[in-house]
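This one's a predicted model, so the numbers in the text were calculated from it and none came from an experiment. In listed order, ligands and their atoms are each counted from 1.
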Amino acid sequence: MKPGMSLMKHYLQFKDLRAEEYAYLFERTAIIKKRFKNYEKYQPLTDRTLAMIFEKASTRTRVSFEAGMYQMGGSVVHLTTGDSQLGRAEPVEDSARVISRMVDLVMIRTYEQSKLEGFAAHSRVPVINGLTNEYHPCQILADIFTFIEQRGSIKGRTVAWVGDGNNMANTWLQAADILGFTLHVSTPRGYEIDAKVAGVSNKDCVQVFKRPLDACRGAHLVTTDVWTSMGYEAENEARQKAFADWCVNREMMAAAQPDALFMHCLPAHRGEEVEAEVIDGPQSVVWDEAENRMHVQKALMEYLLLGRIG
Ligand code: CP
Ligand code: NVA
């Protein structure tokens, strides 16, 4: 950690920040995005380095962190399991001790949340979750910023989650608890969300529905994700059968609010978790959602490294 920095913060799950910190981050994101759109240089992270560790594949997370860090004047180091000692069983604690002596910030995409936590516990610098089996906080940060951009505050609104009770669903649940909206959830039997994993205190922020159509009723945002997440490929065949009715279609969008948005973290499989006419239709904001990954993460990196500006 650079001298002069006070309390070091990690971003390992959505509940690591409070509602008022999110309000600040969303304000900063809007400012940072506007500067980017106006081609204004903004380089508060000159001479800072971000290490990005990928133990799973990525397009958006890699490009958004890498481009974002360069735009802010910093640089990045990209590591994968295959081309580093992580793939040859060097303990994660040792990797953390070494890497965090040389860089200012670390982003990790891995399997178990416990591995990310093990790294963070031995890191001298802030660590960001770039997706684990349990959570994907940077994605929900982008999704909520996208909602606010399009429709205003998410407080008191209803978000419908259709599909797997996975890392995205757990993170939506934490976000509902912290930011005060309701999550309608419909998952196939055997793929339910586990409130214990999400660790939410307020049970009122979630309502569970058997049928996906019922979960979409009255929703301001309908969202879904792949049937088979990274790391669960062995279950693919069983999942294809179990999830067949959890495909967001026109009927589900019609049951939501007339101006409901559709989001998907991507990559998407048209004809599986979502019909092409929905993801490519007028209510879909998936391309803004993907772009906003970069803007929110720039605000997050600025916050973790420099604290509040102004
Ligand atoms: N949504 C998301 O995290 O995409 P990538 O897997 O491409 O990074
Ligand atoms: N739930 C998906 C999200 C991909 C961005 C996965 O973990 O593979």
In this structure, are over 12 heavy atoms from other groups packed under 6.0 Å from Arg270 atom CZ?
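Yes.
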For the 3.5 Å polar cut-off, considering only N or O atoms, please tell me whether [X] and ligand 1 meet it.
| X | value |
| --- | --- |
| Pro267 | no |
| Arg62 | no |
| Met230 | no |

Protein contact to [atom] [nearest heavy atom, distance to 0.1 Å]:
| atom | value |
| --- | --- |
| atom 7 (O) of ligand 2 | Asn167 ND2, 2.8 Å |
| atom 3 (C) of ligand 2 | Asp225 OD2, 3.6 Å |
| atom 4 (C) of ligand 2 | Leu131 CD1, 3.9 Å |

Sub-4.0 Å atoms of ligand 1 with respect to non-hydrogen atoms of [X]:
| X | answer |
| --- | --- |
| Arg293 | 1 (N), 2 (C), 3 (O) |
| Leu266 | 1 (N), 2 (C), 4 (O) |
| Thr59 | 5 (P), 7 (O), 8 (O) |

Report the relative orientation of the aromatic rings in Trp172 and Phe181; use parallel for angles under 30°, tilted for 30 to 60°, perpendicular for over 60°.
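Correct class here is perpendicular.
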Do NZ/NE/NH1/NH2 and the carboxylate oxygens of Asp259 and Arg151 come within less than 4.0 Å?
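Result for this pair is yes, salt bridge flagged.
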Any carboxylate oxygen within less than 4.0 angstrom of a Lys/Arg side-chain nitrogen, looking at Glu27 and Arg308?
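No.
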Atoms of ligand 2 less than 4.0 Å from [X] heavy atoms?
| X | value |
| --- | --- |
| Leu266 | 5 (C) |
| Asn166 | 1 (N) |
| Met230 | 6 (C), 7 (O), 8 (O) |

Looking only at the side chains, is there a donor atom on one of Asp94 and Gln85 sitting less than 3.5 Å from an acceptor on the other?
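Asp94 vs Gln85: no donor-acceptor pair found between side chains.
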Exercise: do Trp246 and Ser186 side chains pair donor with acceptor under 3.5 Å
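Trp246 vs Ser186: donor-acceptor pair found between side chains.
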Please check this pair: side chain of Glu93 against backbone of His122, looking for a donor-acceptor N/O pair closer than 3.5 Å.
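Not confirmed, Glu93 side chain does not pair with His122 backbone.
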Can a donor-acceptor pair be found, under 3.5 Å and without considering hydrogens, that links the side chain of Glu192 to the backbone of Gly190?
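Side chain of Glu192 to backbone of Gly190: a pair is present.
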